[in-house]
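Computation of the quantities below employed the complete heavy-atom set of this structure, encompassing side-chain atoms and omitting hydrogens, waters and symmetry-equivalent molecules. These numbers come from a predicted model, not from an experiment. Along the sequence shown, residues carry numbers from 1.
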Amino acid sequence: MTTPQWAAGCDIDAIMAAMTLPEKLAQLASVWPEGSGPPGETVAPMQGEMLTDTFQDTTLFEHGLGQFTRPLGSRAGTVAERLEFARGLQRDAVRHSRFGIPALVHEECLTGLQLYGAATYPSPLAWGASWDAGLVGEMAGQIGSTMRQLNIHLGLAPVLDVVRDPRWGRVEECISEDPYLVGVLGTAYVDGLQSAGPGATVKHFLGYSNSRGGRNLAPVHAGPREVAEVFALPFEMVVKNARPRAVMHSYAEIDGTPVAADPRLLTELLRVRWGFEGVVVADYFGVTFLHTLHDVAADLGDAAVLALSAGVDIELPAGRAYLAPLAERVRSGACPMELVDRSVRRVLRHKLELGVFAEAVENAQAVDADPPDFRAVARRLAEESVILLSNPQGILPLRPVARVAVVGPNADSPEAMLGNYSFTNHVQTPPGTPIGIDLPTVLAALSEQLPDGTEVVHAPGCAVRADAEAEADAADTIATAAAAAESADVCIAVVGDRAGLFGRGTVGEGSDAAALELPGRQQALLDAVLDTGTPVVVVLVTGRPYPMGAFADRAAAVVQAFFPGEEGAPAIAGVLTGRVNPSGRLPVSIPRDCAGQPHSYRHPRLGGRSPVSNVDPSPLFAFGHGLSYTTFTCSDLRVTADHWDTAGTLRVRCRVRNDGERVGAEVVQLYVRDLVASVTRPMRQLLGWARVGLAPGEAHVVEFTVPADRLAFVGPESAWIVEPGEFELSVASSAEAPGVRTTVGLQGPVRVLTEDRSLLTAVRVHEGDAW
């Protein structure tokens, strides 16, 4: 089978000139072949209500097709079986349409390609905890290579939403509460994925994570300064520096205007100001929601016109609004044909750039989607992401003991290692279906890594979440776990979340938290084992930060892992036993309790502890915090500049030394505070960081090159400006650690910046401690 020669020649003008209106609109639509599955298999909001028709193959391809929605990743099956299914769809799409233009294939790929049996990497919060952009890019390159071999053209990742409210279920899909950290790691992911061939889709543009009350799809209220400095910044960084192929609009409405209907965001900001040249795709059913949820469109035709006018080029996951309803509006004159042509041209160019026109369907090949080198990267990323939060008694790494009790609902749960966008926790499979990948548990990994002869006893204690059956047995099962702890020399309590969609989990899309506390009876379990007097190491495997004030000071140690992936359990066990020297650092603040939430380290003075309120929102463990089995010292902070003014460049240097007896890695963090500004500014703001590996006694010099543009903010006139004044620079181990500090003064006039302003702080690590 071949594509017709003149279409294969990619003459977009000729194709468009020959297309009928239905053929053009078909390029703006998609089909989800397995989207209308059995009840209970919902993987998109309101999927059951939106997709009521069974997929009919060739009749949908008469006019061509823009995209196939998740043809490989919507059902379990071998890679070869799923590939053959997708091949059949593509054959029909080419054979039964006049121009024979293949459809673009997209799949989810946030924690690895969402395909049964494919490698499943740590969650984005774990990427943030690693502070390792190079390793994130390497992971993304592996994901992209699998996609390329399977002829998957577009991946729906990464998520660039900034964590704002930990109650929001989709926090586990996010990288950090700091927009700069999100932007740098998001850029690395896009560069890595696209270097392998497929395109990346950055999402969810814009403001989605600031939903009121932490409820999914709830309204967003944010001023233009906050939108620009916090929510837009990561997207701006990635669009300008990595040039992603696609942007997905968010479900959010910001101050009453749904993003899907807002040309100020989707056209003026994204395309005119930032220069984005790819396609804007709808989040699933986002165009329809303009009618059914936002009430800004009277029907699907109006919704289609609003979205197309705003700049949404492609309707996903199915063409509910962009086919017949939009055709009627075009024919009636309510929608200019120019808007249709604008998006069709973008879509055809998008297909051309991704190689869809020239692609031979039969070139796709089944691959090993979880080979050893992929697992090696998954393990390295997991190991770098595990965070040692506290270790006051020095109990970690574990010393040889006779008996270890391993308790908690996540101790022997393989699914607990994975995020919501893993195949295992996202796609509902028939009962008894194997997970499809090797997925050890913490219990198994710890038993393997402890010294020979160590007796390991296990008792789950309770379920992750409470239900009627679990509640009936809760007292007995908690008592059994407490007895196991009491009989042991040390207890490892593994608690936390189970990712799942729309209330099927304790965290995940549509699984929001009414109260920010450990789910179910897990706090009662911790109280019981802590009361035994046995030293307890609390291991949290979660998709969000939970308050730890109720147990942290009673625990012998606290370890945090954010859904660390298929190699996560060996990584956690490695930290506990000392095989791995922990180097993870918090990408989000850990609350002491629920008071003052939501909280972010990037707050002005009145956003923190204040004498005018009795509520103290200060975190128990600050953004950037993490301990090691060795000790580091940062010293000799020096600042020089090309010229000391608002157009200059600061060069900040410091020395970091490993003063301990083990090889380890420190994350050197550079912060700034604008001491007096024309608008309120954060008490600290991350300017850059370096992850530095050091042998015992070794020292390196870290150099940050900071353009004055990195000190900019959105001023009173809504423009990005750099003001003269005094700035405190600090190099510290967290956002609240004192670190080493100095003050610099910038002279000169207020600079109003243009769209080509510098967005990055360059970092170099000089081996040795010589200046």
Side-chain angles (χ1 to χ4, degrees), residues 389-390 395-396 398 401-418 425 439-447 450 454-500 505-507 513 515-544 546-564 568-569 572-573 575-576:
L389 294 177
S390 71
I395 195 171
L396 296 181
L398 293 171
V401 295
R403 176 181 287 186
V404 175
V406 183
V407 306
N410 278 350
D412 199 29
S413 169
E415 295 88 352
M417 297 298 107
L418 308 181
N425 288 337
L439 191 58
T441 68
V442 173
L443 176 65
L446 192 57
S447 299
L450 286 170
T454 306
E455 182 183 1
V456 177
V457 294
H458 169 243
C462 65
V464 169
R465 59 194 303 177
D467 55 35
E469 183 177 350
E471 283 295 302
D473 299 329
D476 290 341
T477 56
I478 289 176
T480 300
E486 191 167 25
S487 71
D489 299 292
V490 65
C491 174
I492 311 297
V494 190
V495 296
D497 280 317
R498 168 68 186 273
T506 61
V507 72
L516 195 61
E517 56 191 20
L518 281 174
R521 298 293 301 275
Q522 294 184 79
Q523 184 60 56
L525 171 64
L526 288 181
D527 290 339
V529 296
L530 288 165
D531 285 345
T532 64
T534 298
V536 177
V537 177
V538 179
V539 178
L540 293 108
V541 183
T542 70
R544 60 162 62 91
Y546 281 104
M548 298 184 188
F551 59 83
D553 61 350
R554 302 172 61 199
V558 180
V559 173
Q560 173 71 62
F562 293 112
F563 291 149
I572 292 169
V575 167
L576 296 176

Heavy-atom pair with the smallest gap, counting every atom of [X] and [Y]:
| X | Y | answer |
| --- | --- | --- |
| P440 | M417 | O-CG, 4.1 Å |
| I478 | C462 | CG1-CB, 4.5 Å |
| A481 | L525 | CB-CD1, 3.7 Å |
| G543 | F563 | CA-CE1, 3.4 Å |
| V541 | A416 | CG1-O, 3.2 Å |
| Y546 | T506 | OH-O, 4.3 Å |

Would you call [X] and [Y] a side-chain contact if the rule is heavy atoms closer than 4.5 Å?
| X | Y | value |
| --- | --- | --- |
| Q523 | V495 | no |
| V442 | N410 | no |
| F551 | V536 | no |
| V575 | V539 | no |
| L439 | E415 | no |
| T441 | V494 | no |
| P409 | P460 | no |

Roughly how far, to the nearest 0.5 Å, is [atom2] of [Y] from [atom1] of [X]?
| X | Y | atom1 | atom2 | result |
| --- | --- | --- | --- | --- |
| L526 | C491 | CG | SG | 9.0 Å |
| T480 | H458 | OG1 | NE2 | 11.5 Å |
| Q560 | I572 | CD | CD1 | 9.5 Å |
| T534 | E486 | OG1 | CD | 6.5 Å |
| L516 | R544 | CG | CZ | 7.0 Å |
| L389 | L540 | CG | CG | 8.0 Å |

Would you confirm whether Q522, through its side chain, and G408, through its main-chain N or O, come within 3.5 Å as a donor-acceptor pair?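 A pair under 3.5 Å: no.
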Counting N and O atoms only, with roles assigned by atom type, does the side chain of E517 sit under 3.5 Å from a partner on the main chain of P547, one being a donor and the other an acceptor? no
Regarding N425 and R498, is there a side-chain donor-to-acceptor distance under 3.5 Å anywhere? yes
Of V406, L398, V401, L576, the one forming a side-chain contact (heavy atoms from CB on, under 4.5 Å) with L450 is L398
